*Asks:* 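My questions all concern the structure below.
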Protein chains: 2
Amino acid sequence: MSLEHAILGFLNYEPMSGYDIKKIVDISVSHFWPAVQSQIYKTLARMEKEDWLTVETISQDPRPPRKVYHLTNSGRQELFRWLNEPQSASEVRLAWLIQIFFGGRMEDAQVIALLEHQLNLQRKKLIGFTSIPDETKQDMQDDDPRDKFFWMLTIDYGVSQAIAQVKWLETAINTIKQGEYHLPTIQA
Amino acid sequence: MSLEHAILGFLNYEPMSGYDIKKIVDISVSHFWPAVQSQIYKTLARMEKEDWLTVETISQDPRPPRKVYHLTNSGRQELFRWLNEPQSASEVRLAWLIQIFFGGRMEDAQVIALLEHQLNLQRKKLIGFTSIPDETKQDMQDDDPRDKFFWMLTIDYGVSQAIAQVKWLETAINTIKQGEYHLPTIQA
DNA sequence: TAGTAATATATCACTGATGATATATACAAA
DNA sequence: TTTGTATATATCATCAGTGATATATTACTA
């Protein structure tokens, strides 16, 4: 239910339409909290019922009217209540790792192919991350430098996790290629 | 929909009841694909309808009968079809990172508290990971060494991701404490 | 002796998220 | 000229997953 709170956070910057929110979600938080359009619209409707938002309908005939959402005091309160609430463990679902888990029943070559596929995906992700700042430099010109700092911090998180994953994938591939079925050394 | 395929994988080891599957999921794949009991039972029922499984009902009156599920040829085919299918990007949803994203609208102390909370969670996770092999050593005695190798590989993945996260959290906390709002250096 | 953990399954309301479809206009590029 | 993209919203079937509740016995333990 954190999409609600992400939306509260964005509307705390400035009033926006569902369309605006979809765009900003895509370029900012989507790498750790994706949201499709239908989910955003449904959530906005629910939030309005909860009196966290008010709608300002700006008709622009004959185009569909812009429904610009504004944060209410109640909504702002809910945002800051939630920002103080420690969140429990992060949710992760890795279908590809289920495949690796059952790698014992596959040929080496097949497992390696799956790992190399993930390696490609992670490398592409890394390229995507490093290109985000350039793409959005224009939009971020007038942003608060403190807001910008935390934005960049979340990108840095994605980068560091992707790098760790690339390294793990490379090691795993090499271990299998060398035919060394020693248990990987676990050290914290 | 990968719970289905995880179940196919486990039943490929040997026939099991829903109860057995719940137990083995908890100690093996739950750190990257958690499943509650109701979800497992619902999925088993669906899989039986799809003819991927057959049920052998072993009555043990007056206790509820054990419904032992067996993989069919069709189910085994589906398992190996899926094991060959490259999976797309991994799903991640990190509510706490949404909070950090909006850290610009919080006091430093508050953001640091949130980061330290995550640091604790990750450190506990690491301790949990390193203790898994001891806990399950008995159960794994008679396991295939190749199966065991890939099991340990997935644990190693969790460990490496957790270590990377701990390092990132420590760095982020220090950066904020030093009041240095320089953008973190992104380097791939 | 009372409590609780383990064994084993069944079912249901709910919700977050997905994916598809629909409508309608303006404008730029091929 | 047609195709695609951007603007902007609406709705719906479907599903995976959660959480709660229910039943019923055995066996251990405080």
Side-chain angles (χ1 to χ4, degrees), chain A residues 1-7 15-27 29-30 32-50 53 55-69 87-95 98 135 139, chain B residues 1-8 15-27 29-50 53 55-69 82 87-95 98 139:
Chain A
M1 230 175 328
S2 293
L3 178 58
E4 281 183 351
H5 296 97
I7 290 174
M16 284 184 229
S17 68
Y19 191 80
D20 297 333
I21 290 166
K22 170 62 178 161
K23 272 190 302 182
I24 202 168
V25 162
D26 282 351
I27 61 163
V29 298
S30 64
F32 52 90
W33 203 280
V36 294
Q37 179 252 20
S38 55
Q39 188 65 18
I40 288 171
Y41 278 82
K42 205 196 299 176
T43 305
L44 283 169
R46 195 204 315 141
M47 290 168 80
E48 200 205 332
K49 268 184 202 158
E50 288 188 80
L53 312 178
V55 198
E56 178 197 3
T57 304
I58 301 169
S59 64
Q60 31 177 24
D61 233 39
R63 267 181 281 177
R66 261 179 76 80
K67 288 174 73 172
V68 177
Y69 291 90
Q87 300 297 308
S88 59
S90 41
E91 269 177 60
V92 172
R93 282 184 189 271
L94 310 172
I98 297 180
E135 281 171 18
D139 308 323
Chain B
M1 230 172 332
S2 294
L3 178 57
E4 279 184 351
H5 295 98
I7 290 174
L8 290 175
M16 285 184 226
S17 69
Y19 192 78
D20 297 332
I21 291 165
K22 169 64 178 159
K23 273 190 300 180
I24 201 167
V25 163
D26 282 350
I27 61 163
V29 299
S30 65
H31 65 100
F32 53 89
W33 204 283
V36 295
Q37 180 253 18
S38 55
Q39 188 63 19
I40 288 171
Y41 278 83
K42 205 196 299 178
T43 305
L44 283 169
R46 195 203 315 140
M47 290 168 79
E48 200 206 332
K49 267 183 203 158
E50 287 187 81
L53 313 179
V55 199
E56 177 197 3
T57 305
I58 301 169
S59 64
Q60 30 178 22
D61 231 40
R63 270 181 277 177
R66 262 179 76 81
K67 287 173 75 173
V68 177
Y69 290 91
W82 181 79
Q87 298 299 308
S88 59
S90 41
E91 269 176 58
V92 173
R93 285 186 188 269
L94 310 172
I98 297 179
D139 308 322

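The chains referred to below are lettered A, B, ... by the order of the sequence lines, with proteins before strands, and numbering in each begins at 1. Worth saying up front: this structure is predicted, and the values here are computed from it rather than measured.
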*Asks:* For each nucleotide in nucleotides 12-22 of chain D, reading 5' to 3', give B when a protein heavy atom comes within less than 4.0 Å of its base, S when such contact involves only the sugar-phosphate, and - otherwise.
*Replies:* B---SBBBB--
*Asks:* Take the protein atom CG of D20(A) and the nucleotide atom C1' of dA6(D), then report the distance between them rounded to whole Å.
*Replies:*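 About 13 Å, once rounded to whole Å.
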*Asks:* At less than 4.0 Å, is any side-chain N or O atom of Y19(B) found next to OP1 or OP2 of dT7(C)? Yes or no.
*Replies:* yes
*Asks:* Any side-chain N or O of Y41(A) less than 4.0 Å from the OP1 or OP2 oxygen of dT9(D)?
*Replies:*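 Indeed, a polar side-chain atom of Y41(A) lies that close.
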*Asks:* In whole angstrom, give the distance that lies between atom CD1 of I21(B) and atom C1' of dA10(C).
*Replies:*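 From I21(B) CD1 to dA10(C) C1': 16 Å.
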*Asks:* Atom OH of Y69(A) and atom C1' of dA10(D): how far apart are they, to the nearest Å?
*Replies:*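 Whole-Å distance recorded here is 11 Å.
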*Asks:* Is there a side-chain contact between I24(A) and V29(A), using heavy atoms and a 4.5 Å cut-off?
*Replies:* no
*Asks:* Considering only heavy atoms from C-beta outward, does the side chain of K22(A) approach that of S17(A) to under 4.5 Å?
*Replies:*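 K22(A) vs S17(A): side chains apart.
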*Asks:* I want to check something: taking the side chain as every heavy atom from C-beta on, are K23(B) and M16(B) in contact at a cut-off of under 4.5 Å?
*Replies:* no
*Asks:* Which atom pair, heavy atoms only, marks the closest approach of E48(A) to Y69(A)?
*Replies:* OE1-CE2, 4.5 Å
*Asks:* Please enumerate all residues that pass side-chain hydrogen bond (donor to acceptor under 3.5 Å, both in side chains) together with E56(A), with sequence neighbours excluded.
*Replies:* H70(A)
*Asks:* Round to the nearest Å and state the distance from K22(A) atom NZ to dT7(D) atom P.
*Replies:* 13 Å
*Asks:* May I have the distance from L44(B) (atom CG) to dA8(C) (atom P), rounded to whole angstrom?
*Replies:*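 Taking atom P of dA8(C) as the reference, CG of L44(B) is at 15 Å.
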*Asks:* Can you check the I27(A) CD1 to dA6(D) P distance for me, whole Å?
*Replies:*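 These atoms are roughly 14 Å apart.
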*Asks:* Grab the two heavy atoms, one from T57(B) and one from P65(B), that are nearest each other, plus how far apart they are.
*Replies:*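 For T57(B) and P65(B), the tightest heavy-atom pair comes out as CG2-CB, 3.7 Å.
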*Asks:* From dT7(C), dA8(D), dA10(C), pick the nucleotide closest to the side chain of K67(B)?
*Replies:*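 Closest nucleotide among those given: dA10(C).
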*Asks:* Roughly how many Å is it from CZ in R66(B) to P in dT23(D), rounded to a whole number?
*Replies:* 24 Å
*Asks:* Assess whether atom CD of E91(B) is packed by more than 12 heavy atoms of other residues, nucleotides or ligands within 6.0 Å.
*Replies:*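 No - once you tally the heavy atoms of other residues, nucleotides and ligands closer than 6.0 Å, there are 12 at most.
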*Asks:* Could you check how far CE of M47(A) sits from P of dG16(C), rounded to whole Å?
*Replies:* 12 Å
